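These figures come from a predicted structure and were not determined experimentally. Note that ligands are numbered from 1 as they come in the structure, with each ligand's atoms numbered from 1 the same way.
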Amino acid sequence: MHGFHYQNSELFCDGVGLASLAKAHGTPLYVYSANTILDHYKRLDAGLDGVDHLVCFAMKANSNLAILNLLAKAGSGFDIVSGGELYRVVKAGGDPAKCTFAGVGKTRDEIVYALQQGVYSFNVESEAELRYINEVAGELGMVAPVAVRLNPNVDAKTHAKISTGKSENKFGIEFDAIAAVYARAAKELPNVKLRGVQMHIGSQITSVNPFAQAVEKVLPLVAELKALYGLEFFSIGGGMGIIYKDSLASGSTKWWDDKRRSGEPLPLTIEEYAATLLPMLKKLDLRILLEPGRFMVGNAGVLLTKVLYEKHGSVKTFKIVDAGMNDLIRPTLYEGHHEIVPVQQAKAGVVKELVDVVGPICESGDFLAQNREIAPVKAGDLLAVMSAGAYGFVMASNYNTRPLPAEILVVGDKAHVVRRRQTLDDCLAGESIIE
Ligand code: LLP
């Protein structure tokens, strides 16, 4: 569920009308619901109540300081993938001791910084990295807490670009090699402490089966490693999928109640996830870490954009809007489907139009939707691109020298600018002409 809904025919984020936000702050504009994010965090945290656990928000999905601060205050830890993300956690008042540091290419500077800040664990992705962390920690006279990321070689049944748990992916160390890596580390690497085991099979996984399959597969190995090396935790990664196609409707309890009543299969819920995985995980008697990114923030954000022009071609009708692939790259990069709805609610019974919603960028790949039926809109109308809270702003760029959009965090009926729109001078900052 989430806080976006129509109220008096206008799309609202909790208590704030989106048309007034667009008027006050311009478009393109990212708008997030604080209540939705906190609700997701709390429900996930409560869902894992049966075991010792820590939710580490995968902040790559949305790293705005205000959102990190919100989650840090609620008790969340963070899954980080760079020194830069750790810097953000520190600035946002988060606790490095609740951070796991993932990523296949950690640099020396990042390792030093993370050691100095006291991260909970380095999630190590190769034996070379493990040895390097041991070396750097030794030079600093420190011991680095580590977990090796194991690659369970299961099919997450998701888009190829966001599947990570197969042997052909660059992530983690292959299942069959893990035991030997731990044995060598215990024997040869005095400056690392084997604190846990980690896995992550992919992203936008909409059924509980791949998770269950992976946990079942690795459980005996994790138990064995725990017995041998006194591990503290097992991280089962992130990857819980969200609703993209029916995004707006799924914000209401009615939508869920109707689905339950009709006996239709429900999208992946926290309840199903916890009920399936917890009984297996309990047996381990380890601290369970979860690294949800998309699930926490995806449906908690929209990208507001304005229709600039309409163009009727012989084959297609284009709605040219002021947000492009530089603002939201998911449709282009992953064929990601984001529902697009008008901010001013369409009249009942109105016939939808088959259109391409495209941006101003000079690329054929610059679209937000192709061959999509949307409510009829004209130049000047506002559209909301739904489910844009995860991997939206964070993947935005200055391509075509377009300033990054502003970000608004709505708390109840108050809207806060949590990142101002970039200026053109911001875009050029750091560049110089050779005298
Ligand atoms: N843990 C690890 C080790 C990860 O690599 C990721 C995501 C997560 C947790 C969080 O996954 P989530 O819960 O958000 O599915 N930009 C892509 C998604 C890339 C995901 C990368 N890793 C997209 O827009 O779909």
Practice task
Taking the side chain as every heavy atom from C-beta outward, state whether Arg260 and Leu266 have any atom pair closer than 4.5 Å.
Solution key: yes

Practice task
Answer with yes or no whether Phe295 contacts ligand 1, where contact means a heavy atom under 4.0 Å from a ligand atom.
Solution key: no

Exercise for the section: Using a strict 4.0 Å cut-off to heavy atoms of Asp79, name the atoms of ligand 1 that fall inside it. Expected result: 1 (N), 2 (C), 9 (C)

Practice task
Please confirm whether Met296 comes under 4.0 Å of ligand 1, counting heavy atoms of the residue only.
Solution key: no

Handout entry: Numbered atoms and elements of ligand 1 in range of Gly239, under 4.0 angstrom, heavy atoms
Key = 11 (O), 12 (P), 13 (O), 15 (O)

Problem - Heavy-atom proximity to atom 11 (O) of ligand 1, best of Met59, Arg294, Glu125, His200 - result: His200

Completion exercise
ligand 1 atoms nearer than 4.0 angstrom to some heavy atom of Gly238 are 9 (C), 13 (O)

Practice task
Examine Lys106 relative to Phe101 and say whether NZ or CZ is less than 6.0 Å from the centre of the six-membered ring and inside a 45° cone about the ring axis.
Solution key: yes

Practice task
Answer yes or no: does an N/O atom from Met395 fall short of 3.5 Å to an N/O atom of ligand 1?
Solution key: no

Exercise for the section: Report yes if Gly237 has an N/O atom closer than 3.5 Å to an N/O atom of ligand 1; otherwise report no. Expected result: no

Practice task
May I ask you to decide if the ring planes of Phe57 and Phe78 are parallel, tilted or perpendicular, using 30° and 60° as cut-offs?
Solution key: perpendicular

Handout entry: Whether His2 and Phe4 hold their rings parallel, tilted or perpendicular, with breakpoints at 30° and 60°
Key = tilted

Handout entry: Glu291 N/O to ligand 1 N/O under 3.5 Å
Key = yes

Practice task
Flag Gln198 as yes when one of its N or O atoms lies below 3.5 Å from any N or O atom of ligand 1, and as no otherwise.
Solution key: no

Exercise for the section: Just jot down the ligand 1 atoms closer than 4.0 angstrom to any heavy atom of Gly293, in number order. Expected result: 12 (P), 13 (O), 14 (O)

Exercise for the section: Look at ligand 1 and say whether Pro292 reaches it with a heavy atom at a distance under 4.0 Å. Expected result: yes

Handout entry: Side-chain donor or acceptor of Arg195 paired with backbone N/O of Tyr120 under 3.5 Å
Key = yes

Handout entry: Flag for Asn123-Ser121: side-chain donor and acceptor within less than 3.5 Å
Key = yes

Handout entry: Flag side-chain contact, heavy atom, 4.5 Å: Phe393 against Asn64
Key = no

Practice task
Answer with yes or no whether the side chains of Thr27 and Thr305 bring together a donor and an acceptor at under 3.5 Å.
Solution key: no

